[in-house]
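For reference, positions follow the sequence shown, starting with 1.
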Amino acid sequence: MTRPALTLHPDRALPAEPGVRALARELLASTQDLPIVSMHGHVEADLLLADAPFPDPAALLVTPDHYLLRLLVSQGVSLDALGVPRRDGAPVEADGREIWRRVASHWHVLRGTPTRFWLEHELVEVLGVTVRPSVATADETYDQMVEALAKPQTRPRALFERFAIELLATTDDATASLDAHAALAGAGLPGRVVPTFRPDGLLDAGAPGWGERVARLGELTGVVVRDARTLVDALAVRRGQFVAQGALAADHGMRTLRTERLPADEADRLVVAALRAAEAGRALDAPAAGALAGHLLFEMARLSCEDGLVMQLHPGVLRGYDTRVAGLRGPDVGYDIPVAAEFVHALRPVLEAFGHHPRFRLVAFTVDEDVYSRELAPLAGVFPALRLGAPWWFLDSPDAMRRFRESVTDTAGFYNTTGFVDDTRAFCSIPARHDLARRVDAGFLARLVAEHRLDLDEAHETAVDLAYRLPLAAYARP
């Protein structure tokens, strides 16, 4: 029986033309050993604090990976069969080997996707798997992973060091405990782990549970929220608590983007109305909630000018598209779908007010490729506060990364971007994502050299900047 080997080709994702590929190899060599700066992700600090062995390969690679889940679900594999928990407590597959057999039997579904690129990197580089997953090799590959996970070299802190992570930013709800971050500060890790302030649940007064979250914010800050002014005051105090734990950024992931500065009395009226609605078990109506969210987002930009937290924006995704699945499983199981984004009008109030402020930094991500060249690159090409985040989520793939460089470089250049910023919940995929980005950028720069649009020494410097220096600079505290 044929057992195809699983190997990583040294030229993977590099250009096909031999001359350009040779240049790309040389450029890639200058970045491959650089430390990782991971400024936007969803790995939890508790994982590193506990430093417990990963329970089994399926719990590590399958169940938390919504990129992989959605592809398998599209082929008729149920979330129950993949071990995704249900809110109603009904049983789901708990045998990691059975879950992996389902993945291995659908390995062909991943062909051509970045999910396969990342998984292959994890399997080979992290877990030492030597044969390609398939129906025939499912048990063999699973056993190889189990053996690897039993070793101390694959515990979270050991991997943190092996991955050469210099800086890892988590994403933390504004009312979440920061105890794990405080404990990690003295844990002796070779790199820093910092929180990121995410207040979305406090900005949207139309969302269920807003009143409870505001009450919790008051408990954490000692500020009684009575109106818009005191709500912003409480948010400012909480931001300060994040800064004290090393936070460098605030993160905002709305479906639609809107910023506006309401008159003070109008903003107060909306918060009072929202508090009264919450007391009555209701939510603020959608138009009022939208206006208040736009005002509070503007206030978050103003606070960034004061405390120096970089403001990350990534609108344009309808989360939990299938409401039945969302109700049964919760978020992050693959049912998030991109929608059109608009930045020019939405950001105008903030950019007119703070776009030239020396302490303000705004990083914009999108899953709507149409706005790269039409809106985001021209804005970043003139406002010193704005940087373009890396291709994100559905665009985190080789071809989309190349299109990003082609779309934005003419107008914004390289140095109005953040370099590569990964966005992952899968700890072991962090080096795979950075490796792919470095390969794509090496290929893009090699083409510019081959076309005599860039000198080779400049391409080397730019490759290192994109992989390492620019993320550090984009998120540096003023």
Side-chain angles (χ1 to χ4, degrees), residues 2-10 12-13 32-33 36 38 41-44 47-48 50-69 71-72 82-84 93-111 113-165 168 189-191 396 422 424-439:
T2 303
R3 296 167 60 259
L6 184 63
T7 59
L8 300 180
H9 196 285
R12 60 193 182 280
Q32 280 190 305
D33 295 328
I36 285 176
S38 179
H42 301 276
V43 174
E44 295 185 358
L47 175 77
L48 292 164
D51 197 33
F54 292 104
D56 67 69
L60 174 64
L61 299 179
V62 182
T63 307
D65 188 344
H66 60 94
Y67 293 90
L68 176 60
L69 293 177
L71 285 168
L72 297 177
L82 295 170
V84 179
E93 181 62 71
D95 185 338
R97 186 180 295 274
E98 284 300 319
I99 293 171
W100 180 251
R101 284 172 178 164
R102 293 184 180 100
V103 174
S105 67
H106 288 82
W107 194 250
H108 62 285
V109 175
L110 308 183
R111 291 172 184 167
T113 68
T115 301
R116 167 135 170 193
F117 185 99
W118 303 327
L119 270 175
E120 287 183 335
H121 189 284
E122 293 173 84
L123 293 175
V124 174
E125 293 291 323
V126 180
L127 300 174
V129 173
T130 58
V131 294
R132 187 194 303 161
S134 67
V135 172
T137 66
D139 285 339
E140 181 180 1
T141 53
Y142 190 83
D143 289 337
Q144 289 179 351
M145 290 188 286
V146 168
E147 181 180 356
L149 289 177
K151 299 176 181 178
Q153 301 95 297
T154 55
R155 291 174 69 148
R157 293 192 197 181
L159 290 176
F160 186 96
E161 184 170 2
R162 197 209 304 185
F163 296 163
I165 297 176
L168 174 69
L189 285 172
D396 192 3
D422 66 81
T424 181
R425 301 175 189 278
F427 180 52
C428 290
S429 78
I430 290 176
R433 291 164 186 259
H434 284 260
D435 176 67
L436 178 55
R438 293 174 186 188
R439 290 172 179 277

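Taken from CD1 in Ile36 to CG in Leu168, the straight-line distance is 10.0 Å, to the nearest 0.5 Å. One finds the CG atom of Leu436 at 4.5 Å from the CZ atom of Phe117 (value rounded to the nearest 0.5 Å). Rounding to the nearest 0.5 angstrom, the gap separating the CG atom in Leu71 from the NE2 atom in His66 is 11.5 Å.
Ser134 places a side-chain N or O within 3.5 Å of a backbone atom of Thr137 that can act as its donor or acceptor partner. Although no hydrogens or angles enter the test, the distance criterion places a donor-acceptor pair under 3.5 Å between the side chain of Gln144 and the main chain of Thr130. Remark: the backbone N or O of Val135 is not paired with any side-chain donor or acceptor of Arg101 at under 3.5 angstrom.
Within 6.0 Å of atom CD in Glu44, 12 or fewer heavy atoms from other residues, nucleotides or ligands are found, so the atom counts as exposed in its surroundings. For CD of Gln32, the number of neighbouring non-hydrogen atoms (other residues, nucleotides, ligands) closer than 6.0 Å is greater than 12.
Put simply, the side chain of Val126 reaches to within 4.5 Å of the side chain of Phe163, judged on heavy atoms. With a 4.5 Å cut-off on side-chain heavy atoms, Trp100 and Pro133 count as touching. In this structure, Arg97 and Asp143 have side chains that are in contact, with non-hydrogen atoms separated by less than 4.5 Å. Looking at Pro190 and Ile165, their side chains never come closer than 4.5 Å, going by heavy atoms from C-beta outward. A heavy-atom distance below 4.5 Å is not found between the side chains of Val109 and Arg116. Thr141 places none of its side-chain heavy atoms less than 4.5 Å from the side chain of Leu123. Looking only at side-chain heavy atoms (C-beta outward), Glu125 and Pro431 stay at 4.5 Å or farther from each other.
A cation-pi geometry, defined here as NZ or CZ lying under 6.0 Å from the six-membered ring centre and within 45° of its normal, holds between Arg433 and Trp118.
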Side-chain donor-acceptor distances from residues 153-160 under 3.5 Å, at least two apart:
{"from": "Thr154", "atom 1": "OG1", "to": "Ala148", "atom 2": "O", "distance (Å)": "2.8"}
{"from": "Thr154", "atom 1": "OG1", "to": "Leu149", "atom 2": "O", "distance (Å)": "3.4"}
{"from": "Thr154", "atom 1": "OG1", "to": "Lys151", "atom 2": "O", "distance (Å)": "2.9"}
{"from": "Arg155", "atom 1": "NE", "to": "Asp51", "atom 2": "O", "distance (Å)": "3.0"}
{"from": "Arg155", "atom 1": "NH2", "to": "Asp51", "atom 2": "O", "distance (Å)": "2.8"}
{"from": "Arg157", "atom 1": "NE", "to": "Leu48", "atom 2": "O", "distance (Å)": "2.8"}
{"from": "Arg157", "atom 1": "NH2", "to": "Leu48", "atom 2": "O", "distance (Å)": "3.4"}
{"from": "Arg157", "atom 1": "NH2", "to": "Leu49", "atom 2": "O", "distance (Å)": "2.9"}

Validation: residues 52-63 side-chain donor-acceptor distances under 3.5 Å, sequence neighbours left out:
{"from": "Asp56", "atom 1": "OD1", "to": "Ala58", "atom 2": "N", "distance (Å)": "2.8"}
{"from": "Asp56", "atom 1": "OD1", "to": "Ala59", "atom 2": "N", "distance (Å)": "2.9"}
{"from": "Thr63", "atom 1": "OG1", "to": "Leu82", "atom 2": "O", "distance (Å)": "3.3"}

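In this structure, Val129 and Val131 approach most closely via the heavy-atom pair CG1-O, 3.4 Å. Looking at every heavy atom in both residues, Ser38 comes nearest to Ile430 through OG-CD1, 4.2 Å. Taking all atoms of both residues into account, the shortest heavy-atom contact from His106 to Arg102 is ND1-O, 2.9 Å. Closest approach of Glu122 and Ser429 over heavy atoms only: OE1-N, 3.5 Å.
Ion pair Arg425/Asp65 not flagged as a salt bridge, since none of the NZ, NE, NH1 or NH2 atoms sits closer than 4.0 Å to an Asp/Glu carboxylate oxygen. A salt bridge does not link Arg132 with Glu120: none of the charged nitrogens is closer than 4.0 Å to a carboxylate oxygen.
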